[in-house]
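Notes follow once the structure below has been shown.
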Amino acid sequence: AQLVESGGGSVQAGGSLRLSCAASGFSYDDYVIVWIRHAPGKEREGISCIGSRDGNPDYSDSVNVRFTISSDNAKNTVHLQMNSLKPEDTAVYYCALYFVGRGYLRCLVSPPFYDYFGQGIQVTVSS
């Protein structure tokens, strides 16, 4: 299986970027995509998630309201629309996937494990 991020880059504070995560190489339909970011000198942070089954999103407090996650299940692609970007949003952004089963209730922005992890993409926000 493979997760490929795209859409990163550099933007000024207050600007917007849209990240995409294309998932391929697996056939199981029930999974969660999580967006994670890692800034230099900081802990890795889960910021948003969405389930393939219910499409219900969740967000960390640090990005809630500013970021919006959405999914296109037909294309196995998840997008992260990032608005009102701040310099503190500068980080390498990763998408990750974990499979879920019958006990699934809601997605987790910080699950205990991932089944697959993307290679990451840089987002730089200048002041």
Task: Tyr31 and Phe26 aromatic centres sub-6.0 Å - done: yes
Task: Path from Ile33 to Val92 over hydrophobic side-chain contacts below 4.5 Å - done: no
- [ ] Check whether any side-chain N or O of Asn73 sits under 3.5 Å from a backbone N or O of Ser52 as a donor-acceptor pair, and report yes or no.
- [x] yes
Open item on the list: Is there a side-chain contact between Val78 and Trp35 in this structure, where contact means two heavy atoms from C-beta onward sitting under 4.5 Å apart?
Closed with: yes
Open item on the list: Parallel, tilted or perpendicular: which one describes the rings of Phe117 and Tyr94, with boundaries at 30° and 60°?
Closed with: tilted
TODO: Would you kindly confirm whether Leu19 and Ile36 end up in one hydrophobic cluster when ILVMFWY residues are joined by side chain heavy atoms under 4.5 Å apart?
DONE: no
- [ ] Look at atom CD of Gln12 and say whether more than 12 heavy atoms of other residues, nucleotides or ligands are closer to it than 6.0 Å.
- [x] no
Task: For Ser71, all residues meeting side-chain hydrogen bond (donor to acceptor under 3.5 Å, both in side chains), sequence neighbours excluded - done: none
Open item on the list: Whether the side chain of Glu5 engages the backbone of Gly120 through a donor-acceptor N/O pair (distance < 3.5 Å, no angle test) should be reported.
Closed with: yes
Open item on the list: Show every salt bridge (Lys or Arg N to Asp or Glu O under 4.0 Å) that has at least one partner inside residues 104-127, sequence neighbours left out.
Closed with: Asp58-Arg106
Task: Pairing residues for Ser10 by the side-chain hydrogen bond (donor to acceptor under 3.5 Å, both in side chains) criterion, not counting sequence neighbours - done: none
Open item on the list: Just to verify, what does Asp89 make a side-chain hydrogen bond (donor to acceptor under 3.5 Å, both in side chains) with, not counting sequence neighbours?
Closed with: Arg37, Arg66
Task: Residue list, side-chain contact (heavy atoms from CB on, under 4.5 Å) with Thr90, at least two apart or on another chain - done: Gln122, Thr124, Val125
Open item on the list: For residues 20-36, which residue pairs pass the salt bridge (Lys or Arg N to Asp or Glu O under 4.0 Å) check, not counting sequence neighbours?
Closed with: Asp30-Arg53
Open item on the list: Between Asn83 and Ser16, is the side-chain hydrogen bond (donor to acceptor under 3.5 Å, both in side chains) condition met? List the steps.
Closed with: CA-CA 4 Å; Asn83 297 330; Ser16 299; 2.9 Å; yes
